[in-house]
A.B. asks: 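One structure coming up, written as structure tokens, with questions to follow.
In this chain, residues are counted from 1 in sequence order.
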Amino acid sequence: QVQLVQSGGGLVQAGGSLRLSCATSGRTFSTYNMGWFRQAPGKEREFVAAVSRSGGGMYYADSVKGRFTISRDNAKNTAYLQMNSLKPEDTAVYYCAAGRRYTGSTYGDHYDYWGQGTQVTVSS
């Protein structure tokens, strides 16, 4: 069983930045592909970004490409989502996810474990 604990998030003005973290205990973090998803009120969950086990492969939704950066530190068992140039439409609950079966998957069903979610609110 993998437990993912998220931190970061909050309220920021448009154009600002935030960093989300997703930490797990144990020694198996490097065997999991990691992803970030988000869900805005009244909308379906959507893919944001993913990173491969080694951190060498990074994948982004078109809506965040060039503004968000996903990364991981396997020594610290932590994945990150750096969010720059935030827009009001980025407002959502953000979730990190871990899975072994697929690299860079945009489908939530391809991930096996999920963080508790963290609210990101961008004011205009």
A.B. asks: Could you see if Y113 belongs to whatever hydrophobic cluster contains I70? Use Ile, Leu, Val, Met, Phe, Trp, Tyr and a side-chain cutoff under 4.5 Å.
C.D. replies: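 Yes: a chain of side-chain contacts under 4.5 Å links Y113 to I70.
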A.B. asks: Going by the angle between their ring planes, with limits at 30° and 60°, are H110 and Y102 parallel, tilted or perpendicular?
C.D. replies: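 Rings of H110 and Y102: parallel, under 30°.
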A.B. asks: State whether F29 and R72 meet the cation-pi test: NZ (Lys) or CZ (Arg) under 6.0 Å from the six-membered ring centroid, and within 45° of the perpendicular axis.
C.D. replies: yes
A.B. asks: State, with a plain yes or no, whether a side-chain heavy atom of R38 is found less than 4.5 Å away from one of V64.
C.D. replies: yes
A.B. asks: Does some side-chain heavy atom of E46 sit less than 4.5 Å from a side-chain heavy atom of T106?
C.D. replies: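 Side-chain contact under 4.5 Å: no.
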A.B. asks: If hydrophobic clusters are built from ILVMFWY residues whose side chains come within less than 4.5 Å, do F47 and L20 share one?
C.D. replies: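 Not linked; separate clusters.
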A.B. asks: Considering only heavy atoms from C-beta outward, does the side chain of R67 approach that of K87 to under 4.5 Å?
C.D. replies: yes
A.B. asks: Judged by modelled atom types alone, do T118 and Q116 share a side-chain donor-acceptor pair under 3.5 Å?
C.D. replies: no
A.B. asks: Would R100 and T31 count as having a side-chain donor-acceptor pair, cut-off 3.5 Å?
C.D. replies: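 Checked: R100/T31 side chains pair up, N/O donor to acceptor below 3.5 Å.
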A.B. asks: Could you please spell out the steps behind the salt bridge (charged side-chain N to carboxylate O under 4.0 Å, His left out) verdict for D62 and K65?
C.D. replies: CA-CA 5 Å; D62 288 343; K65 204 171 292 183; 3.2 Å; yes
A.B. asks: Quick check: is M34 connected to Y95 through a chain of hydrophobic side chains (ILVMFWY, heavy atoms under 4.5 Å apart)?
C.D. replies: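 No; M34 is not reachable from Y95 via cluster members.
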A.B. asks: Kindly indicate whether the side chain of L18, heavy atoms from C-beta on, has any atom under 4.5 Å from the side chain of L86.
C.D. replies: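 In short, these two side chains touch, coming nearer than 4.5 Å.
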A.B. asks: Might you point out which heavy atoms bring G104 and Y111 nearest each other, and give the distance in Å?
C.D. replies: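 Where G104 meets Y111 most closely, the heavy atoms are C-OH, 4.3 Å.
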A.B. asks: Hydrophobic clustering (ILVMFWY, side-chain heavy atoms < 4.5 Å, transitive) - are Y80 and Y32 grouped together?
C.D. replies: no
A.B. asks: Just wondering, more than 12 heavy atoms not from Q3 lying within 6.0 Å of its CD?
C.D. replies: no
A.B. asks: Rounded to the nearest 0.5 Å, how far does OG of S63 lie from CG of D90?
C.D. replies: 7.0 Å
A.B. asks: Are F68 and W36, when compared by the centres of their aromatic rings, separated by less than 6.0 Å?
C.D. replies: no
A.B. asks: Would T24 and N77 satisfy side chain to side chain donor-acceptor pair (under 3.5 Å), going step by step from the backbone distance to the final call?
C.D. replies: CA-CA 6 Å; T24 183; N77 295 335; over 6 Å; no
A.B. asks: If every non-hydrogen atom of S17 is compared with every non-hydrogen atom of Q82, which pair is closest and at what distance?
C.D. replies: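 Looking at all heavy atoms of both residues, the closest pair is CB-NE2, 3.9 Å.
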A.B. asks: Tell me yes or no: between the side chains of N33 and S52, is some donor less than 3.5 Å from an acceptor?
C.D. replies: no
A.B. asks: Side chains of S30 and R53, heavy atoms from C-beta outward: is any pair under 4.5 Å?
C.D. replies: no
